[in-house]
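The structure under discussion appears below in the form of structure tokens.
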Amino acid sequence: MSIHLRAKTLAKIRNFFATRNVIEVETPLLSHATNPAPHLNSFCLDNLYLQTSPEFAMKRLLAAGSGDIYQICKAFRESEIGRLHNPEFTILEWYRVGFDHHKLMDEMNEFLKITINATESKRFTYREIFAEFLKINPHESNIAQLKTVAQNNNLSVSVLSDDYDMWLQLLFTHLIEPKLGQESPVFIYDFPVSQAMLAKVRTEKPPVASRFEVYFKGIELANGFHELSDATEQRKRFLRDLAERQKLNLPPIPLDENFLLALPNLPDCSGVALGIDRLLLLVANIASLNEILCYPFFEA
Amino acid sequence: MGTISTNEWKNGVKVMHDGDPCNILENEYVKPGKGQAFNRVKLRNLRTGRVLEKTFKSGDTLEAADAQDVELQYLYNDGEMWHFMSPTTYEQYTVSKATIDDSAKWLKEQDVCIVTLWNNNAISVIPPIFVTLKVTDTDPGMRGDTATGGSKPATLETGAVVRVPLFINVGDILKVDTRTGEYMSRGK
């Protein structure tokens with residue numbers, strides 16, 4: 001049954017992009033470099049990396065003048081195993097030239113209506129959603145305050161390091177995310193700059209990253225950026241990731257110099273990556289990815 | 001016994017937490033899109049029976065606990081210590097009054113209990129789910145009143161007191177559910 005659902009949904013997705021003149025592309029899954037983010041574990045084979053997403057290669061295409069593109073492919077993340085995680089999963093990633101993150105959220109809204117019959121989505125900033133659920137400002141609190149919020153919500157935590165973003169993410173994943181998007185999809189946007197990843201940062205007060213995430217029925221479905229094209233800034237963020245990796249005793253990662261070289265030519269664009277297996281799980285209304293994958297990791 | 005990390009904390013694995021042996025009941029992997037992964041874990045403290053929920057950083061480790069559940073036969077008690085024996089190895093174990101706690105009132109000689117051993121010491125005793133015990137004291141039965149669903153207290157041979165239907169008499173053998181402490185039926 002799930003193979004038919006998958007085939008039908010993929011056909012709808014390809015049709016969605018065909019009618020919008022976004023072309024399908026293929027980029028390498030195996031590469032000499034990968035994303036150095038400390039909490040992304042790439043499978044490494046003989047100094048080659050299985051891609052955690054097709055982002056870098058697709059941006060090289062965009063920089064070379066491809067125009068609007070999408071890709072449906074496998075992505076690999078070591079040690080991510082659970083009800084909503086499988087180390088090998090199917091990712092849909094698409095890029096729209098001339099879109100900012102709001103325009104891409106508009107398109108994502110249409111995408112979810114067409115592909116999974118979702119109703120009109122709602123949008124909140126990262127700041128608004130923390131204020132609504134936890135009555136704190138995530139941009140202007142300190143670790144002691146975040147710990148107090150955890151305590152007041154009966155969240156018992158084994159000793160965690162004093163990393164502000166980790167505490168924000170702990171509160172978000174435990175106390176906010178499970179309640180998001182029960183009726184219709186919810187977009188959370190304008191993240192703290194410390195969680196900018198590959199997104200542009202806007203120098204407002206406080207500065208925020210032009211990044212969004214999509215949640216539906218308590219499940220994180222997609223992550224998008226108004227894409228950063230400043231190679232100097234991107235290298236700085238990568239070097240910070242590498243320093244953090246060293247601190248955590250994680251192996252170093254060779255930076256993707258091809259990507260960094262292409263980045264200054266990246267047109268103004270926004271891109272988003274969406275987990276196809278989770279999308280199918282929502283359509284089928286089931287609890288675990290194991291029921292949607294024809295052979296989950298332990299049976300592969 | 002060595003340490004084991006979050007991805008090995010499967011249901012039923014026994015670990016040490018805050019100085020007590022615990023049984024893993026649930027372990028959910030939680031990961032923000034871009035950030036530190038967590039494991040949201042439910043543990044049962046094997047000494048107190050209490051269930052706690054706690055979040056760990058993925059990759060964290062806990063010491064494995066040398067704990068196991070075994071079937072032991074209850075022999076007798078001397079008011080201070082309750083004595084058990086393994087029906088397979090004949091090894092004897094003693095359990096203090098404090099540890100056996102509320103379970104004591106259900107135990108009849110030769111009943112087989114589930115006993116949790118930690119470092120080969122008994123730390124908790126679960127009586128059989130169903131026990132059959134003789135009524136030693138209750139108000140006289142009232143005939144013809146069985147349909148009203150009334151009940152009265154009855155003291156059993158082990159000292160436990162349960163609510164029973166009005167037709168139950170001293171000397172009757174009852175089947176009782178030890179999880180709820182409720183009367184099930186009259187036995188032979």
Side-chain angles (χ1 to χ4, degrees), chain A residues 35 37-41 52-53 77-86 150 154-161 163 165-174 176-178 188 191 194-199 209 211-215 220-225 241 244 248-250 273-275 288, chain B residues 1-67 118 123-124:
Chain A
N35 191 327
H39 300 296
L40 267 182
N41 299 318
T52 57
S53 87
R77 296 180 187 177
E78 198 184 350
S79 74
E80 295 193 6
I81 305 176
R83 191 170 65 82
L84 296 172
H85 292 83
N86 197 62
N154 297 318
L155 208 59
S156 171
V157 182
S158 174
V159 194
L160 290 180
S161 59
D163 179 312
D165 279 302
M166 178 161 65
W167 278 93
L168 280 182
Q169 287 167 337
L170 177 88
L171 296 180
F172 190 88
T173 51
H174 285 62
I176 300 177
E177 182 174 323
I188 306 296
F191 279 66
S194 49
Q195 298 175 34
M197 317 292 296
L198 291 94
R211 172 184 165 196
F212 68 93
E213 287 198 327
V214 185
Y215 294 87
E220 188 217 332
L221 203 52
N223 178 74
F225 302 135
D241 284 343
E244 180 69 15
L248 296 169
N249 280 322
L250 294 168
L274 177 146
S288 165
Chain B
M1 284 212 32
T3 59
I4 49 177
S5 103
T6 47
N7 60 3
E8 299 165 287
W9 298 357
K10 304 261 181 331
N11 188 347
V13 168
K14 312 253 191 317
V15 293
M16 292 300 297
H17 182 254
D18 284 346
D20 276 342
C22 294
N23 195 2
I24 303 278
L25 301 178
E26 279 178 39
N27 178 8
E28 169 135 42
Y29 180 77
V30 178
K31 191 176 189 302
K34 313 276 171 187
Q36 172 69 51
F38 305 107
N39 285 70
R40 204 168 182 181
V41 183
K42 256 190 200 158
L43 309 120
R44 184 193 303 282
N45 184 316
L46 291 172
R47 221 169 40 74
T48 64
R50 280 184 52 192
V51 173
L52 66 144
E53 202 175 301
K54 196 149 196 166
T55 293
F56 295 83
K57 229 162 62 175
S58 291
D60 275 357
T61 57
L62 287 175
E63 202 184 320
D66 180 9
W118 172 42
I123 55 167
S124 86

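In what follows, every chain begins at residue 1, and chains take the letters A, B, ... in the order their sequences are listed. What you see is a predicted model, and the numbers here were worked out from it, not measured in a lab.
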Task: Residue part contacting chain A, namely of Glu28(B), when any heavy atom lies under 4.5 Å - done: side chain
Task: Main-chain N/O of Ser161(A) paired with Trp167(A) side-chain donor or acceptor, under 3.5 Å - done: yes
- [ ] Considering non-hydrogen atoms only, spot the tightest contact between Leu62(B) and Met16(B) and give its length.
- [x] CD2-O, 3.6 Å
- [ ] Could you look at Ile81(A) and say if it's the side chain, the backbone, both or neither that has a heavy atom under 4.5 Å from chain B?
- [x] backbone
Task: Which of Lys57(B), Glu53(B), Lys31(B) touches chain A most, by non-hydrogen pairs under 4.5 Å - done: Lys31(B)
Task: Option passing side-chain contact (heavy atoms from CB on, under 4.5 Å) with Cys22(B) (candidates Val41(B), Val13(B), Leu43(B)) - done: Leu43(B)
Task: Expected output: side-chain Asp20(B) to main-chain His17(B) donor-acceptor under 3.5 Å - done: no
Open item on the list: Does any backbone or side-chain atom of Asp60(B) lie under 4.5 Å from a heavy atom of chain A? Answer side chain, backbone, both or neither.
Closed with: side chain
Task: Part of Asn223(A) lying under 4.5 Å from any heavy atom of chain B - done: side chain
Task: Atom group of Phe56(B) that falls short of 4.5 Å from chain A, counting heavy atoms - done: both
- [ ] Determine, for Lys10(B) against Glu8(B), whether the closest basic-nitrogen to carboxylate-oxygen distance falls under 4.0 angstrom.
- [x] no
- [ ] Would you mind checking which part of Gln169(A) comes under 4.5 Å of any heavy atom in chain B, side chain (CB onward), backbone (N, CA, C, O), both or neither?
- [x] both
Task: Which of Arg83(A), His85(A), Met197(A) touches chain B most, by non-hydrogen pairs under 4.5 Å - done: His85(A)
Task: N/O donor-acceptor pair under 3.5 Å between Asn27(B) side chain and Thr6(B) backbone - done: yes
Task: Structural part of Glu80(A) lying under 4.5 Å from a heavy atom of chain B - done: both
Task: Over-ring placement of Arg211(A) relative to Phe191(A), 6.0 Å and 45° cut-offs - done: yes
